[in-house]
There are 2 protein chains.
Amino acid sequence: MKPTRVTNTIRSLRFAHGEMTQAELAERVGVTRQTVIAIEQGRYSPSLEMAFQIARVFGVPLDDVFQYPETEE
Amino acid sequence: MKPTRVTNTIRSLRFAHGEMTQAELAERVGVTRQTVIAIEQGRYSPSLEMAFQIARVFGVPLDDVFQYPETEE
DNA sequence: CGGTGATGTAAAGAAAAGTAGACATGGTGT
DNA sequence: ACACCATGTCTACTTTTCTTTACATCACCG
């Protein structure tokens, strides 16, 4: 399982939105808590669909949640 | 295989960028031509990582390439 | 006509993402 | 001490994404 290059600010956004728990975010997005943990820790990059859903929960554009660094293979 | 809710403007962007072929886009993004075809046709939504790479090839923000409709479960 | 390049389809399989359940830990509150 | 809750880990499993190969079609050009 290669770690993804995509980083995110989910943890900050959760706290900025009323101490939202991982479980609550998972439920709102429609995935399991396991998945939220893995994404938040950057263990793998989510599907584009899930990325959009997460951004929507926080009411921010996708780029505010996920960042992609310069291409350095 | 449920079709994704995510739509995209890859085809237009390819033509807007000097008649770029699917094969060339695939090579630039680092995936196969098959994958480009499937994404372009919306048969499934790409990984967030690939979405970022495609946007980068065209030099536009991710939202210019991919759109996510209102949540209608 | 024959050849080439761009696009599309299909199937098998590998790889990554996502699920489900069990269990561990640290904090907080009673 | 005990219960509770949020977080995290692990394993095994299913689903989706992506690859590889092969072949079909269409337009264009010689």
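Heavy atoms only: backbone and side chains are in, while hydrogens, waters and symmetry mates are out. Residue numbers begin at 1 in each chain, while the letters A, B, ... track the order of the sequences.
- As judged by a 4.0 angstrom heavy-atom cut-off over every strand, A:Ile39 is placed among residues touching the sugar-phosphate backbone only.
- When the local axes at the two ends of the helix from C:dC1-D:dG30 to C:dT30-D:dA1 are compared, using 5 base pairs at each end, they differ in direction by 30° after rounding to 10°.
- Judged as a side chain to side chain donor-acceptor pair (under 3.5 Å), and not counting sequence neighbours, the contacts of A:Gln41 are A:Arg43.
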Where along nucleotides 5-12 of chain C does protein come under 4.0 Å, by heavy atom, of base (B) or sugar-phosphate alone (S), with - for untouched nucleotides?
-SBBBB--
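- The side chain to side chain donor-acceptor pair (under 3.5 Å) search around A:Gln67 returns A:Thr7, not counting sequence neighbours.
- Rounding to the nearest 0.5 Å gives a distance of 6.5 Å between CZ of A:Arg33 and CD of A:Gln22.
- Side chain of B:Thr9 to main chain of B:Asp64: a donor-acceptor pair is present (N/O by atom type, distance under 3.5 Å, no hydrogens or angles).
- Taking the side chain of A:Val31 as heavy atoms from C-beta on, and the options D:dT17, C:dT19, D:dT20, the nearest nucleotide is C:dT19.
- The nearest whole Å value for the distance from the CZ atom in A:Phe66 to the P atom in C:dA17 is 12 Å.
- Under the rule for a side chain to side chain contact (heavy atoms under 4.5 Å, CB included), the partners of B:Thr35 that lie at least two apart in sequence or sit in another chain are B:Val31, B:Thr32, B:Ile39, B:Tyr44, B:Met50.
- Residue contacts for A:Ser47: at a heavy-atom cut-off of 4.0 Å it reaches the sugar-phosphate backbone alone, with no base atom in range.
- The salt bridge (Lys or Arg N to Asp or Glu O under 4.0 Å) check on A:Arg28 picks up nothing, with sequence neighbours excluded.
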